Structure formats: C-alpha cells, structure tokens
Amino acid sequence: MKFTRYEITQQLCRQCGSCARACPRNAVAEGEDRRYRIDQKICDGCGMCQAACKLRAISKRKGLFSS
C-alpha cells in the first residue's frame, strides 16, 4: 500500500517528455496514444517528475492506494 502517488493531468500535459527524462526509475513512459503515464508499480514517489513539469500537469495525491 502507498500513501501518496503522482498523476498526470492529461488536459494540461503537452507531451514534452521532461517528466520522463527526470524520472530516475523510468516510471514515466509514453504510451501508444502518445500520452505520458506514470507506472505506479515502479514509481517510488521521489517527485522528480513533478519538479520537472513546467506546466504543473503532475500532481501529488494523498490517500491510501494499492500498488
């Protein structure tokens, strides 16, 4: 169980890839539909993707999440 997770708001994302380049665990990847997504099973919650996003399309959610 995780207590936080990062999510990409697709309406704000412009697919620049800065979040994917910043992620040290390669948890952010571009899908077949050319949208970036965060793999919650790989993400360790470091927040580097959020810091790299100039459009603030990545938000940190708090709660109780299953991996």
Side-chain angles (χ1 to χ4, degrees):
M1 296 294 231
K2 291 185 177 182
F3 297 103
T4 61
R5 73 192 277 169
Y6 288 89
E7 293 181 347
I8 299 173
T9 304
Q10 296 299 330
Q11 292 84 359
L12 297 176
C13 179
R14 298 293 173 248
Q15 291 80 30
C16 69
S18 62
C19 56
R21 289 188 297 276
C23 181
R25 305 226 352 159
N26 296 318
V28 184
E30 185 177 21
E32 290 180 14
D33 59 357
R34 305 193 84 169
R35 292 180 176 213
Y36 283 89
R37 291 187 173 75
I38 300 171
D39 187 337
Q40 300 300 329
K41 293 180 182 177
I42 300 172
C43 178
D44 65 357
C46 71
M48 295 295 290
C49 60
Q50 184 183 35
C53 183
K54 293 181 168 73
L55 297 173
R56 297 183 184 181
I58 301 176
S59 57
K60 181 178 183 177
R61 291 194 50 215
K62 294 182 180 181
L64 189 59
F65 305 98
S66 60
S67 303

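What you see is a predicted model; the values in this text were computed from it and never measured.
Residues satisfying the salt bridge (charged side-chain N to carboxylate O under 4.0 Å, His left out) test with Arg37, not counting sequence neighbours, are Asp33. Qualifying side chain to side chain contact (heavy atoms under 4.5 Å, CB included) partners for Asp39, counting only residues two or more places apart in sequence or in other chains: Lys41, Ile42.
For residues 20-30, every residue pair satisfying the salt bridge (Lys or Arg N to Asp or Glu O under 4.0 Å) rule, not counting sequence neighbours, is listed here: Glu30-Arg34. Identified under the salt bridge (Lys or Arg N to Asp or Glu O under 4.0 Å) test for residues 3-15, with sequence neighbours left out: Arg5-Glu7, Glu7-Arg61.
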Sequence neighbours left out, cut at 3.5 Å: what donor-acceptor pairs do the side chains of residues 46-58 make with other protein atoms?
{"from": "Gln50", "atom 1": "NE2", "to": "Ile58", "atom 2": "O", "distance (Å)": "3.3"}

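Thr4 contributes atom OG1, which lies 7.5 Å from atom NZ of Lys2 (distance to the nearest 0.5 angstrom).
Contact of the Phe3 side chain with the Lys62 side chain is not registered, since no non-hydrogen atoms from C-beta on lie closer than 4.5 Å.
Of all heavy-atom pairs spanning Tyr36 and Val28, the tightest one is CD2-CG1, 4.1 Å.
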